[in-house]
Each structure stands twice: as C-alpha cells, then as structure tokens.
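Sequence lines set the chain letters: A, B, ... in the order given, protein chains first and strands last, and positions in each chain run from 1.
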Amino acid sequence: MPTFRAPRGTRDLLPAERVPMTRLERVAADLAARYGYHPMETPLFEDAAVFERGIGAVTDVVEKELFFVGARADEGERWALRPEPTAGIARAYVQHGMQTWPQPVKVTMTGSMFRYDRPQAGRYRQFWQFDVEAIGDPGPAVDAEIIELAARFYRDVGLPDVKILLNSIGDPACRPAYLEEMTAYYRRHEARLPPLERERLERNPLRILDSKDPAMVDVNAGAPSMTDGLCEACAGHFEAVRAHLDALGIGYTLEPHLVRGLDYYTRTAFEVYPAGAGGQQSAIGGGGRYDGLVELLGGRPTPGIGFGIGLDRVLLALQERADRNAAAEAILAPEPAPLAVVVGSDPADTATRLRLATELRGAGLAVRADLGQRKLGKQLEAAARDGAHFAVIVGDELASGQVQLRDLDAGTQRPTPVTNLARDLERAARTHHHG
RNA sequence: GUGGCCUUAGCUCAACCGGCAGAGCAUCGGAUUGUGGCUCCGAAGGUUACGGGUUCAAGCCCCGUAGGCCACCCCA
C-alpha cells in the first residue's frame, strides 16, 4: 500500500479518463456556444451562506454534504466548496449587476463540484459537471430550448436513447397549498407510515411520493397528485413547455413524483437517465427552473433556468455501453499517435535528436523524441507500438548530414538530408495518407 | 448517516482442510555493435490494505480501522 492515496471519494483522472472527459467538455462547450451561451467560472468555494440561503438550509446538500474549508474559522470566515454551480453563478449575477446586461444572461461553467456523501460507483465527493444557465427569461420556451440542448448533447456524445424525466413542482404561489393538502392526507394515514416516511412528513414531504418502500404503494396511490395541485399560472407554464417540446420532437416521460433536492427549484424540473439503467443514483444530468434564487441572494426578483451534466457519469455510461456508436467511440478513442518518432541510440547524438524533433514540431508536425539510450530495436518497437507512421533514425550518416526516414507501416526507408527533413516528412505523410 | 459484501504484484486474478505466496497482462533487459508491433528467454515487482488476537503454524479463523462496491438516503 502506498503511503498516500487520493482522499476518500476522490480520484485521479489519468489520461485515459481526462482525455475523453475533455472531449465531452468540448462537445458541450461548442454546442452551448451555438445556442448563445458564454463560458464563465466562479470560485471553487464561496461564503457558506450562499449555499445555505440559495440551496436551502434543510436540504441534504447543505445539512450533511457541505465541505467546509477549514482555514480561519476563528476569524469568522465560513467558506464551503461548491456542491453545485447555480448558487455561485446567481451570486455572481447579483454581484456584477448582470440584470443590466441583455436578458437573458446565458452562461456555461465546467469544473469540479464537492459533496461530502458516501462514495459509490459514479458517486464521488469531487465530481465534474458541465453547467448551462439562462437567467432573466421567465418564458416556457427557454425551458424547452434548454431541454432540447440537453437532449442534443447526449445524442452528440453517443447516448441517443437517454430517458428524460419531466415534472413541474409549482412555485411559491401554489406549492404551500399543495403541501398542506398532501401532508394533511398523510397525517390521516400516519399510522401506516414507516419511520422514514414519518420523518419525511416533517422534513421533506414531497419525497414521500417518491418512496421505494413497498408498504407505501397503497398509501401513495390515494395521495393528491402534485400535477393537480398546480396553480393556473404554473399549470399553464408546464403545458406550454410540453407543447414546445412536442413541437421540437423531443421525447420525455412525465414523472409526477420527480422532486429535486434543492429548495430553489420552481416549476420545471427534469432529470436525465441512461437508456437501460433504472437505478436511482444514475442520473447523468438534471436541471430546472429557479425563479426565486437570485432574489434569495439579494438581487431583484429574477427568473432563471439551468441544467447540469454529470460528466463522470456520462463517461461511465459510455464506457459501460456494449453497443457504442461512432460518436461514442470518438469520445472514448485514445489520443492520436504521433506522426513520427525521432530515434537513435548513440548518446553523442542526443542533442541532434532533440534539435531535429524541435524543428519538426516547429513545422507543425506531431513528433515524439526518444531521448534515451536504449538500443535502436527497442526504440523502433516502442515507436511502432505508439502507432507512429514514421521514424527518423539518427545515426552514422549524420557525418554526411543525413538521417534515415523510415516508413514504419511499409517497412521501407531512405536517407534524407537533415536540411530537407521537415519538407520530406510532410510530403511523405501526405502520400502516406492517400495511399 | 444506516445495513450488507469485498480488499493477494502497477492491472486482472489463482493459492486444497490453517502448512514454503503464484500466473497472465503491463514494465525493464537479452536473443549478431544500427532496425519493429509477433515469437522465445530472463529480471524486477509483495509487511497478502493497516493494526491487534487465536494457533506449533494465518493470505485463509476472530476483533478493530481504512478503502472500494451494493442497497438505502440523496443526487450529478
């Protein structure tokens, strides 16, 4: 066992993971740019109150999953690592007076989030997310546009068959009334509720509807439905979102029990799951409307809607998938091989190998240099296994100003003057690709 | 935070009833002084996660800790 290892719930992203994840980020960033979103970035940590006030003090995320930054607590500073991106972005919106920008303000952010929960496959204490936010437009069309963007992202990276769960969870105008009605219902049946559900009744009643306890099936069947409890404005908004999605041809599943874990959500809520998995902790994306958040953080009343992509889980879904399409393969493919490797086993030539490689790179070519003193056979073997198409062999003919340019695929080689090397290699590469 | 399963080389895994810790892959070297992805040979790599206990003897049995995984919880 090594003396040190990555802290629980965190992991090192080695090239085999970081490379595909970077591609996911690139696809998402290019896509969002086409929709008019601009990248931004907030600090990794914020005043803890930003999350407590924005996300809600009685949510799991704030109550038990916040990572506090330990420094200087004695000086009254309470910082916490961001558990999600939206609260920080809303704080920035207020701080920078973005209400004076053309509305809606459309931004993206990519990076790590932190939650102190119990790790599991696809559930980490540090995880990566790509996030999209449109702040300042109350209309249902934006909701549909952002869900369509989400659907397109998953399709573009090779997950064309994701399941989009959709719901409306009302707003401050109608949720209290509905909550009162449904808690009253469950109080009447409290004797039949398991302990966990009784606790939820006090703390987070909406969760009861989503219970996995078999004992709850009967009770839940008779419960008042959230959809029926929507006020006219929320119902109309929801209907319009669905109509827009239908017009765009975006498939979704109505899920009246879908409840989001953060207090700031209003009206539209959605989550995205990979095709097969029914597993509950496998959401690969989620989002919704948060019309009260900016105001909670000290701004004017401002509507907003956002969507987060769980990059770790998207990657996992792609890796686990048996029937990968071309898009998925392109995300997971290893990095392209170098065009050529400069090899040579005479220690006296090391400087020349380094110089030649540098010149070739200066000419825009992807060239690896073997700067060791292993025997030539080993170097060629490594170059071939790397997938390089050419080897530049530096050896005796250097005395007459020449190196060997070897075609590793064809197994042929010829001498070429070092002064011509870049042009020669470029030409060889061109004819090679055509052949 | 609750319950359960697991942990042997860098990776994937063996090791009979408790009796000398092994293989494949990967790494490095060798097989004609400077020419290949295959093949052959070899080397290196281990406090059997960590700490205790039982026993003549523990990778194996018992306890604790850590980490991973699964189901909850919750979310991405």
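- When heavy atoms are screened at a 4.0 angstrom cut-off, R406(A) is found touching base atoms of the nucleic acid.
- Taking only side-chain atoms of R200(A), from C-beta outward, the nucleotide of G29(B), C73(B), U35(B) with the closest atom is C73(B).
- Going from atom CD1 of I55(A) over to atom P of C74(B) covers 16 Å, rounded to whole Å.
- Residue I393(A) has its side chain nearest to U35(B) when only U35(B), G37(B), G29(B) are considered.
- Under 3.5 Å, the side chain of R8(A) and the base of G68(B) form no donor-acceptor pair of N or O atoms.
- Heavy atoms of D409(A) sit under 4.0 angstrom from at least one base atom.
- Residue-to-nucleotide contacts include no donor-acceptor pair under 3.5 Å from the side chain of E381(A) to the base of U35(B).
- Annotation for Y116(A): atom OH does not count as buried by contact number, only 12 or fewer foreign heavy atoms lying within 6.0 Å.
- Of all nucleotides listed (C72(B), A76(B), U27(B)), A76(B) comes nearest to the side chain of R313(A).
- Using a 4.0 Å heavy-atom distance criterion, G395(A) is classed as a base contact.
- Remark: E335(A) CD is loosely packed, at most 12 non-hydrogen atoms of other residues, nucleotides or ligands lying under 6.0 Å away.
- Of the candidates U35(B), C28(B), A76(B), the closest approach to any side-chain atom of R260(A) belongs to A76(B).
- Counting only heavy atoms from C-beta on, K212(A) has its side chain closest to C73(B) among G67(B), G37(B), C73(B).
- Residue-level contact check: G344(A) touches neither bases nor backbone, having no heavy atom under 4.0 Å from any strand.
- Between L196(A) and G287(A), the residue anchored nearer the 5' end of RNA chain B, judged by the nucleotide with its closest heavy atom, is L196(A).
- The residue R125(A) sits apart from the nucleic acid: no heavy atom pair falls under 4.0 Å.
- Look at the C1' atom in both U48(B) and A9(B): the space between them is 10 Å, to the nearest Å.
- The phosphate of U35(B) has neither OP1 nor OP2 within less than 4.0 Å of any side-chain N or O from Q413(A).
- For a distance-only test at 3.5 Å, the side chain of R123(A) qualifies as a donor-acceptor partner of the base of C73(B).
- Among the heavy atoms of the strands lying under 4.0 Å from L376(A) is at least one base atom, whether or not backbone atoms are also near.
- With C74(B), A76(B), A31(B) as the choices, the nucleotide that has an atom nearest any side-chain atom of D60(A) turns out to be C74(B).
- Relative to the side chain of A384(A), the nucleotides G68(B), G37(B), A76(B) differ in distance, and G37(B) lies closest.
- Within the 3.5 Å criterion, the main-chain N or O of G122(A) finds a donor-acceptor partner in the side chain of R313(A).
- Comparing C73(B), G29(B), A76(B) by their closest approach to the side chain of A283(A) singles out A76(B).
- Between the P atoms of C16(B) and U7(B), the separation comes to 14 Å (whole Å).
- For F114(A) and F45(A), the ring centers are positioned 6.0 Å apart or more.
- With hydrogens and angles ignored, no donor-acceptor pair under 3.5 angstrom links the side chain of R11(A) to the base of G68(B).
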